[in-house]
Each structure stands twice: as structure tokens, then as C-alpha cells.
Trainee: 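Questions regarding the structure given below will be posed in turn.
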Amino acid sequence: MLPPIIVPPGGGDTIRAFGDEVRMHLSADQTGGSLSLWTLIVQPGGGPPPHYHLNEHEYFVVQEGRMSFFADGAWTEVAVGASVFLPRAAVHAFKNVGETPARLLVASSPGGFERFFTRCAEEFARPEGPDMARIMAISAEHGVHFT
């Protein structure tokens with residue numbers, strides 16, 4: 001049986017990769033692998049290229065900023081408060097189309113996506129910058145494939 005978890009404001013790890021900031025609220029370790037939950041800060045113009053996940057569904061709630069999501073072959077701009085579900089294996093992307101940082105509450109299930117971010121953050125923290133071939137290999141190891 002899992003114990004209840006209460007994470008205070010500002011609690012949890014902060015991970016920086018891909019130009020984004022990931023503020024982890026709940027990890028797979030804390031939820032018995034059922035989900036991961038984080039706040040994602042995306043800079044203007046930021047967001048990943050089209051990709052898909054073999055392992056996780058993703059859920060987004062836009063809390064601040066102007067975001068556009070790519071799904072089913074089309075881009076759709078969404079308003080603050082919008083919820084987006086991106087099932088595993090669906091090609092998708094998102095982009096901050098505004099002029100200020102955007103904030104999203106993101107969950108993935110099953111949990112564990114924070115392990116991908118952590119490994120990529122190590123590459124992005126290198127003084128000479130990330131080895132993109134290594135980023136692609138880490139992505140593939142975690143079931144993330146760019147199209």
C-alpha cells in the first residue's frame with residue numbers, strides 16, 4: 001500500500017533540459033509507477049519537434065501563456081485553462097506561440113518520464129552543450145521517437 005504524499009509549494013526537483021524547466025511534483029517512485037506530475041515552463045518559441053511516446057499517455061493543462069498543440073496532423077492554439085490528452089503512439093508536439101513564458105501542468109501515465117528528463121538534463125548541462133546523438137539515443141531508450 002502506498003503512503004499518502006503531500007508535496008509543499010516549491011517542493012520537488014527542478015530539471016532543466018531542451019530550454020524548458022520541469023518542476024517535478026510527483027515522481028513514479030512516489031506514486032508506485034502510476035503517474036508523474038510536473039509543472040513545465042516553456043520559453044517563447046519553445047517546445048519539442050513532432051514525436052511520439054511508446055510508453056506514456058500525456059495530459060496537459062495550460063495555466064499561463066499562449067500554447068499551440070500539434071495532434072492529428074494539425075496545429076491548434078488553445079486558451080489558458082484548456083486540457084489536452086495525447087495518447088501514447090500519437091504523433092504530437094507543442095509550442096509556446098506567445099511572447100512570455102508559458103506554464104503547463106503535465107502528467108504522464110504510467111509514471112517515470114522524469115527519468116528521461118533527468119538523463120537529458122545531464123547532457124544539456126555539459127559545458128560544451130549537449131551531444132545531440134546522445135540525446136536521440138536517450139530518447140529512444142525511453143520510447144520517445146522524433147518524426
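Note that the structure is predicted; figures quoted are calculated from it, not measured. Throughout, residue positions are numbered sequentially from 1 according to the sequence presented.
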Trainee: Return the minimal non-hydrogen interatomic distance between Ala28 and Glu114, and the atom names on each side.
Mentor: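 Where Ala28 meets Glu114 most closely, the heavy atoms are N-OE2, 2.8 Å.
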Trainee: What distance separates Tyr52 OH from Thr147 OG1, expressed to the nearest 0.5 Å?
Mentor: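 Reported value, rounded in 0.5 Å steps: 8.5 Å.
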Trainee: Show every donor-acceptor pair shorter than 3.5 Å between a side-chain atom in residues 75-85 and any protein atom, with sequence neighbours excluded, or say none if there are none.
Mentor:
from	atom 1	to	atom 2	distance (Å)
Glu77	OE1	Arg66	NH2	3.2
Glu77	OE2	Arg66	NE	2.8
Glu77	OE2	Arg66	NH2	3.1

Trainee: Listed by chain and number, what are the side-chain hydrogen bond (donor to acceptor under 3.5 Å, both in side chains) partners of Glu58, not counting sequence neighbours?
Mentor: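 Scan of Glu58 (side-chain hydrogen bond (donor to acceptor under 3.5 Å, both in side chains), adjacent residues dropped) gives His53, His92.
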Trainee: For Glu128, enumerate each residue passing the side-chain hydrogen bond (donor to acceptor under 3.5 Å, both in side chains) test, keeping only those at least two apart in sequence or located in another chain.
Mentor: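 side-chain hydrogen bond (donor to acceptor under 3.5 Å, both in side chains) list for Glu128, sorted by chain: Arg126.
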Trainee: In terms of hydrophobic clusters joined by side-chain contacts under 4.5 Å, are Val144 and Leu54 together?
Mentor: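 No, it is not one cluster - the side chains of Val144 and Leu54 are not joined through contacts under 4.5 Å.
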Trainee: Taking Phe117 as the starting point, is it possible to reach Ile135 by hopping between hydrophobic residues whose side chains are less than 4.5 Å apart?
Mentor: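 Result: yes, single cluster for both.
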Trainee: For Arg16, which residues count as a side chain to side chain contact (heavy atoms under 4.5 Å, CB included) partner, sequence neighbours excluded?
Mentor: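 Result, side chain to side chain contact (heavy atoms under 4.5 Å, CB included) vs Arg16: Thr14, Glu21.
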Trainee: Applying side chain to side chain contact (heavy atoms under 4.5 Å, CB included), name anything that partners Gln43, two or more places apart in sequence or on another chain.
Mentor: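 So Gln43 forms a side chain to side chain contact (heavy atoms under 4.5 Å, CB included) with Ile41, Pro101.
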Trainee: Who pairs with Glu141 by side-chain hydrogen bond (donor to acceptor under 3.5 Å, both in side chains), at least two apart in sequence or on another chain?
Mentor: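 side-chain hydrogen bond (donor to acceptor under 3.5 Å, both in side chains) list for Glu141, sorted by chain: Arg119.
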Trainee: Is the shortest heavy-atom distance from the side chain of Val91 to the side chain of Phe70 under 4.5 Å?
Mentor: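 Val91 reaches Phe70 side chain to side chain.
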Trainee: Glu123 side chain to Cys120 main-chain N or O, any donor-acceptor pair under 3.5 Å?
Mentor: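 Absent.
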Trainee: Which pairs, with at least one residue in residues 90-112 and sequence neighbours excluded, count as a salt bridge (charged side-chain N to carboxylate O under 4.0 Å, His left out)?
Mentor: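 For residues 90-112: Glu64-Arg103.
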Trainee: Walk me through whether His25 and Thr39 qualify under side-chain hydrogen bond (donor to acceptor under 3.5 Å, both in side chains).
Mentor: CA-CA 7 Å; His25 303 300; Thr39 294; 2.6 Å; yes
Trainee: Tell me, do Phe146 and Pro50 make a side-chain contact under 4.5 Å, heavy atoms counted?
Mentor: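 In short, these two side chains do not touch, never coming nearer than 4.5 Å.
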Trainee: Say whether, by atom type as modelled, one donor and one acceptor occur between the side chain of Asn96 and the main chain of Gly65 under 3.5 angstrom.
Mentor: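 Not confirmed, Asn96 side chain does not pair with Gly65 backbone.
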Trainee: Do Tyr59 and Val106 come within less than 4.5 Å of each other through their side chains, counting heavy atoms only?
Mentor: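 Answer no - side chains too far apart.
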Trainee: Say whether, by atom type as modelled, one donor and one acceptor occur between the side chain of His57 and the main chain of Arg88 under 3.5 angstrom.
Mentor: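 Pair found, side chain donor or acceptor close to backbone of Arg88.
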Trainee: Might you point out which heavy atoms bring Pro44 and Gly98 nearest each other, and give the distance in Å?
Mentor: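 Closest approach of Pro44 to Gly98: CB-O, 3.4 Å.
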Trainee: Connecting only ILVMFWY residues whose side-chain heavy atoms lie within less than 4.5 Å of each other, what is the rest of Leu105's hydrophobic cluster?
Mentor: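 Answer for Leu105: Ile5, Val7, Leu26, Leu35, Leu37, Val61.
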Trainee: Kindly compute the distance separating CG (Leu104) from CG (Leu40), expressed to the nearest 0.5 Å.
Mentor: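 That separation rounds to 5.5 Å.
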Trainee: Heavy atoms only: give me the nearest Leu86-Ala71 pair and the separation to one decimal.
Mentor: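 That would be CD2-CB, 4.0 Å.
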Trainee: Partners of Pro48 by side chain to side chain contact (heavy atoms under 4.5 Å, CB included), sequence neighbours excluded?
Mentor: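 Side chain to side chain contact (heavy atoms under 4.5 Å, CB included) list for Pro48, sorted by chain: His51, Phe94.
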Trainee: With a 4.5 Å limit on heavy-atom distance, are the side chains of Asn55 and Phe113 in contact?
Mentor: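 No, too far: nothing below the 4.5 Å cut-off.
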Trainee: Quick one: does Asp29's side chain have a donor or acceptor within less than 3.5 Å of a partner on Gly33's backbone?
Mentor: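 Judged by distance alone, no pair lies under 3.5 Å.
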Trainee: Suppose we screen for side chain to side chain contact (heavy atoms under 4.5 Å, CB included). Which residues come up paired with Thr118, at least two apart in sequence or across chains?
Mentor: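 With sequence neighbours excluded, Thr118 shows a side chain to side chain contact (heavy atoms under 4.5 Å, CB included) to Ile15, Glu122, given in chain and number order.
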Trainee: Can you list the residues that meet the side-chain hydrogen bond (donor to acceptor under 3.5 Å, both in side chains) rule with Asp13, with sequence neighbours excluded?
Mentor: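 Asp13 satisfies side-chain hydrogen bond (donor to acceptor under 3.5 Å, both in side chains) with no other residue.
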Trainee: Got a sec, which pairs hit salt bridge (charged side-chain N to carboxylate O under 4.0 Å, His left out) with one end in residues 40-50, sequence neighbours left out?
Mentor: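 Sorted result for residues 40-50: empty, none.
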Trainee: Any side-chain heavy atom of Met24 sitting closer than 4.5 Å to one from Val22?
Mentor: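 Yes, close enough: below the 4.5 Å cut-off.
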Trainee: Can you confirm whether Ser27 sits close enough to Trp38 that some side-chain heavy atom of one is under 4.5 Å from a side-chain heavy atom of the other?
Mentor: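 Of all side-chain heavy-atom pairs linking Trp38 with Ser27, none is under 4.5 Å.
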